[in-house]
Amino acid sequence: MVLSIPFEEFSSDQIEDFANNEYLIIDDFLPQDMAEKLLKELKFWRKKNKFKKGGIGKSLSHKVAEEVRRDEIKWIQKDSCLPHTAAYMEYLDKLSATLNRNFFLSLKDMEAMYAIYEKGAFYKTHRDRFHSQPHRVISVVLYLNPNWKPTHGGELVIHTEGTKKTGSISIEPVYNRLALFRSELLHEVIPCHKTRYSVTTWLKDQLNEVTFVAI
Ligand code: OGA
Ligand code: MN
């Protein structure tokens with residue numbers, strides 16, 4: 001049986017929010033059982049030791065990367081992933097179409113990964129869209145941390161300098177919360193004091209195969 005998640009269009013408030021702030025937070029994003037199963041699929045791969053240290057580009061040494069980023073990741077292959085992850089990817093395809101319609105974007109493809117931040121891990125201030133990744137337009141992070149408390153740290157901090165509302169916003173990685181933001185915004189993950197699970201996706205304005213052929 002092919003799983004699917006009932007799709008909900010953005011509300012007019014959410015559209016206005018994203019238009020004004022360049023980020024949007026949606027709580028209780030997936031049906032409860034879908035979020036649970038997604039976390040189980042992430043943990044399935046962790047048990048199989050499929051997570052690798054996240055990198056920050058080929059030209060920089062691993063040592064440098066560790067100063068910047070301490071998460072562990074596993075890429076998601078859209079056409080051969082576990083069933084609940086596949087349903088989530090399909091949902092994000094529909095969400096891309098909605099974003100295209102409402103914000104005149106031309107999102108065509110996505111890159112996705114599971115991420116684990118072990119205790120003490122962080123990701124220093126960076127952008128997801130930059131010279132070697134110019135096709136990442138929207139970053140989408142789904143947090144899968146049951147019983148996350150403020151004392152556990154691990155907030156995503158988005159710096160909104162240069163947008164209509166200048167400042168910083170701090171987002172706790174609570175269970176089943178979706179954070180969506182323009183990939184060119186500066187952001188960071190504050191050190192966490194408990195293992196932190198998420199699925200990160202980048203919605204892109206170019207097909208992955210084009211990127212891979214071109215470089
Ligand atoms: C990233 C990232 C944010 C988060 O993986 O590039 O910024 O809150 N993640 O996990
Ligand atoms: Mn990022």
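Model, not experiment: these values are computed from the prediction. Start at 1 and go down the list; that is how both ligands and their atoms are numbered.
Judged by distance alone, the side chain of Arg69 and the main-chain N or O of Gly55 form a donor-acceptor pair under 3.5 Å. For Ser168 (side chain) and His159 (main-chain N/O), no donor-acceptor pair under 3.5 Å exists by modelled atom type.
Near-neighbour remark for the Mn ion (ligand 2): protein N, O or S atoms under 2.8 Å are His126 NE2, Asp128 OD1, His187 NE2; waters not counted.
Less than 6.0 angstrom separates the ring centroid of Phe7 from the ring centroid of Tyr91. Not less than 6.0 angstrom separates the ring centroid of Phe103 from the ring centroid of Phe10. Between His126 and His187, the ring center distance clears the sub-6.0 Å criterion.
For the atom pair CZ (Arg196) and CG (Asp71), the distance works out to 9.0 Å, reported to the nearest 0.5 Å.
The distance criterion of under 3.5 Å between nitrogen or oxygen atoms is not met by Trp202 with respect to ligand 1. Considering backbone and side-chain N/O atoms, Asp71 never comes within less than 3.5 Å of an N/O atom of ligand 1. Inclusion of Tyr143 in the set of residues having an N or O under 3.5 Å from an N or O of ligand 1 is warranted.
Shortest contact from atom 1 (C) of ligand 1 to any protein heavy atom: Tyr123 CE1, 3.8 Å. Nearest to atom 5 (O) of ligand 1 among the protein's heavy atoms is Met113 CE, 3.6 Å.
Here is the list of ligand 1 atoms found below 4.0 Å of a heavy atom in Val189: 3 (C), 4 (C), 8 (O), 10 (O). Atom numbering of ligand 1 starts at 1 in the shown order; those under 4.0 Å from a heavy atom of Asp128 are 6 (O).
A side chain to side chain donor-acceptor pair (under 3.5 Å) with Lys78 is found for one member of Thr85, Asp109, Asn208, Asp93 and no other, namely Asp93.
Under 4.0 Å is where a charged nitrogen must lie from a carboxylate oxygen, and between Glu90 and Lys94 at least one such pair does. A salt bridge links Lys53 with Glu66: at least one charged nitrogen is closer than 4.0 Å to a carboxylate oxygen.
Two residues are said to be in side-chain contact when any heavy atoms from C-beta on lie closer than 4.5 Å; Arg177 and Leu156 fail this criterion.
Closest heavy-atom approach to atom 4 (C) of ligand 1 within the set His187, Glu188, Arg196: this belongs to Arg196.
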